[in-house]
Structures are given as structure tokens and as C-alpha cells.
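These notes concern the structure reproduced below.
Starting from 1, each residue takes its place in the sequence as its number. Computation of the quantities below employed the complete heavy-atom set of this structure, encompassing side-chain atoms and omitting hydrogens, waters and symmetry-equivalent molecules. Not measured: the values here are computed from a predicted model.
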Amino acid sequence: MADPMTYGEFLGALRAEGLTVIEEKTGGKSPASHNRNHKGAWGPVNGVMIHHTVTSGHDRTVEICRTGYSSLPGPLCHGVICKAGHVHVVGYGRTNHAGLGDDDVLQAVIDERALPADNEANTDGNRHFYGFECENLGDGEDPWPAVQLEAIERAAAAVCRHHRWNERSVIGHLEWQPGKVDPRGFTMASMRARVADRLDGTPSDDWKPSTPGTTPSKEDPMAGYSQAQIGDAVLHRDNIPAPKAAPDKAKNPRWTLSSYAQTILNTLNTALDELRALRKAVDALAKKES
């Protein structure tokens, strides 16, 4: 449990972790003053929450997360992590990203222990979590570039490092609110393992994403839809059909071998995370008996 970082500390923490940070202004004003603080408290903060956007296209994704839409005004997060691996800061303070979630999950985050299943929506998450929306369709087939996954890892680690939290303070929306599925395409167990490894080291600037404003070249499947239509898709992102175990490339030209390989890698990372936890438990038991 901690007071939120100042806006300057937030930017500084992200940049110290080697991230490219882009401040997205609203009406010519800094993201520092773009928030929902008039609707409720911001803090104490207890963790970091990761989402997927159910959008495609760099500019459109950032704009929706900055402004929101009629039924859910922006900002919809603190930072948007695009496929190019940049963090676009769209607001700071209370933002509309977490919604109501399970108080038992929040207590587990505070205690930095394994999460229980989320089965209630009785606690204000916007007050307690930093939020990062990550550009992805969330269909289980839209690939997660390695540079984007590393940016998610670094952003989460940056916040944890500042507050002296461990990786158990990083959760996904699907672990917070019943019925949510985001992020889809990698496991939170594998991401927490990555954050843990990073927190064991120190921030570095030896990694740089691609040029700001660029994304991998591909056809935009959201082209032709209005911002309102895309906003509605974001609001109902839990209704997206579950991904196939092995997508059919002939039926889905957007599928690539790398996306299926990533699915396999995510499964292996989950198993590795569980083995690490088992090893820690065994070591703790050995120390107790010695």
C-alpha cells in the first residue's frame, strides 16, 4: 500500500527502465491533468493491471484510450503500450481501466501472494491500480511482438521497482473482474516470471524499440469502423470468442507460425513459473526443518 507516484516520478521510472515514453496531450494540456479524479479517489495504490485493447492500429488505439467514448469517458488507462514497444501516456491519476473487482484479489496483491479466483465485483480497482492498455485484438491470434512483450515487462517492473513491490503486484484484468479475459495471447504467470527476473537486476538502456509512431506492417482489420463502434467492442471485450487451439492459416490469413509458437511458449512459461514457486516452497520448508 503506497501513495501514487507523482506524474514526474511515473515518467522517470518508465524511462529509467529503458522505455520510450510519449506524452499524449489533451486539448494542449499535459496528461498529468487528464484523469477521473473528480469521480473518486486515486490511491492508495497497490499494483499494476495489464489489459488488451481489442483494437488495431497505432493512432486509433491511442486516441480511444485517451478520450474514451460516451459510455466510458477517458482516459482508459495510464499508458498505452503499442506493438512497436512504446508507452503512450494518455492520463495520470484515476483512470477508467479496472472497474469493480474482487476484494480478496486486492488483499492477495497487497500481501504479494498467489491470487485466489476472482468471483466478486465489489471493490473499486481504478483507485488501487496503475493500468496499461496493450494494443492487441485480444482474439488469441493477433500476435504479440517480442518488443511489445518486453515493453510490458519493463513498464510493470518500473512501477514495482519504484514502490519496492515484487512481481505478485502485477495482475491481468482477467484476474481481477469475473468474466474478463484480457490480456489474451500470453499468460500472466509468464509475465510475472519475466518481471521477477527483471527486478532481480537493474534498469538498463541497452534495449530500444523501433521508431515512435510505427507498427509492424499488416492489414488493419479494424479499418472502416467508427470510433464509437470500436469503443463498443472495447466495452464488451469479454464477449470475444475463445481462440482456437491451433488457428487454421488457410482460413485466417492473419495467423502466423510465430503466434502459434508464442502460445506454446506461454504454456511452457506457465509451467516454469509453477516450478519456481514449488522450488521456493521446498527451500522454505528445508530451512524451517533445519
Side-chain angles (χ1 to χ4, degrees), residues 1-2 4 43-52 77 81 97-134 138 140 144 149-150 152-201 238 242-243 262-290:
M1 187 176 295
V45 288
N46 305 105
V48 181
M49 190 173 294
I50 306 299
H51 308 258
H52 65 225
C77 59
I81 301 178
H97 74 97
L100 295 177
D102 195 314
D103 59 340
D104 293 328
V105 173
L106 177 61
Q107 190 58 54
V109 172
I110 293 172
D111 296 341
E112 295 188 319
R113 55 180 169 81
L115 299 176
D118 53 325
N119 56 19
E120 296 180 291
N122 58 9
T123 301
D124 176 13
N126 295 333
R127 174 179 186 171
H128 294 287
F129 290 93
Y130 296 90
F132 291 97
E133 285 278 1
C134 307
W144 291 87
L149 289 172
E150 182 158 356
I152 296 169
E153 169 195 328
R154 286 176 180 256
V159 176
C160 290
R161 198 185 301 278
H162 175 90
H163 288 295
R164 299 188 177 183
W165 296 334
N166 69 26
E167 75 281 3
R168 293 290 186 184
S169 293
V170 182
I171 69 172
H173 199 196
L174 79 171
E175 297 172 308
W176 170 246
Q177 188 179 105
K180 295 299 181 183
V181 300
D182 56 315
R184 176 181 278 166
F186 63 88
T187 68
M188 286 307 302
S190 67
M191 184 54 65
R192 279 190 286 270
R194 293 176 63 144
V195 172
D197 288 343
R198 178 159 296 280
L199 290 174
D200 284 341
D238 46 315
Q262 184 65 50
T263 300
I264 297 172
L265 181 60
N266 289 341
T267 302
L268 293 173
N269 280 335
T270 299
L272 180 60
D273 190 46
E274 292 171 351
L275 286 172
R276 284 172 174 162
L278 180 61
R279 179 177 177 179
K280 287 182 180 179
V282 171
D283 289 344
L285 182 60
K287 289 180 181 179
K288 185 177 180 181
E289 292 181 349
S290 61

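Screening Val159, Leu106, Ile50, Val170 for a side chain to side chain contact (heavy atoms under 4.5 Å, CB included) involving Phe129 leaves a single residue, Leu106.
Legend: residues meeting side-chain hydrogen bond (donor to acceptor under 3.5 Å, both in side chains) with Asp111, ordered by chain and number and at least two apart, are Gln107, Arg113. Every residue two or more places apart in sequence or in another chain was checked for a ring pair (Phe, Tyr, Trp, His ring centres under 6.0 Å) with Phe132, and none qualifies. Residues meeting the side chain to side chain contact (heavy atoms under 4.5 Å, CB included) test with Ala158, sequence neighbours left out: Ala13, Leu14, Glu17. Residues meeting the salt bridge (charged side-chain N to carboxylate O under 4.0 Å, His left out) test with Glu153, sequence neighbours left out: Arg194, Arg198. Applying the side chain to side chain contact (heavy atoms under 4.5 Å, CB included) criterion to Leu115, with sequence neighbours excluded, gives Val105, Ala108, Val109, Ile171, Glu175, Arg192. Evaluation of the side-chain hydrogen bond (donor to acceptor under 3.5 Å, both in side chains) rule for His163 yields Tyr130 as partners, not counting sequence neighbours. Not counting sequence neighbours, the partners of Asp103 by the side-chain hydrogen bond (donor to acceptor under 3.5 Å, both in side chains) test are Asn122. Remark: Arg164 pairs with no residue by the salt bridge (charged side-chain N to carboxylate O under 4.0 Å, His left out) rule, at least two apart or across chains.
Of the possible donor and acceptor atoms, one in the side chain of Glu112 sits under 3.5 Å from a partner among the backbone N and O of Asn166. Between the side chain of Trp176 and the backbone N or O of Ala121 there is no donor-acceptor pair closer than 3.5 Å. In this structure, the side chain of Asn126 engages the main chain of His97 through a donor-acceptor pair within 3.5 Å. Between the side chain of His173 and the main chain of Ala98, a donor-acceptor pair closer than 3.5 Å is present. With Asp102 contributing its side chain and Asn119 its backbone, the two residues share a donor-acceptor pair below 3.5 Å. A side-chain donor-acceptor contact under 3.5 Å links Gln177 to the backbone of Leu100. With hydrogens and angles ignored, the 3.5 Å screen pairs a side-chain donor or acceptor of His128 with a backbone N or O of Pro44.
Proximity of Leu199 to Trp165: side-chain heavy atoms (C-beta onward) are nowhere separated by under 4.5 Å. Taking 4.5 Å as the limit, some side-chain heavy atom of Pro183 sits within range of a side-chain heavy atom of Leu174.
Going from atom CD of Glu133 over to atom CE of Met49 covers 10.5 Å, rounded to the nearest 0.5 Å. Separating the CD1 atom in Ile81 from the NE2 atom in His52 is a distance of 14.0 Å, to the nearest 0.5 Å.
Note on residues 114-129: pairs passing salt bridge (charged side-chain N to carboxylate O under 4.0 Å, His left out), not counting sequence neighbours, are Arg94-Asp124.
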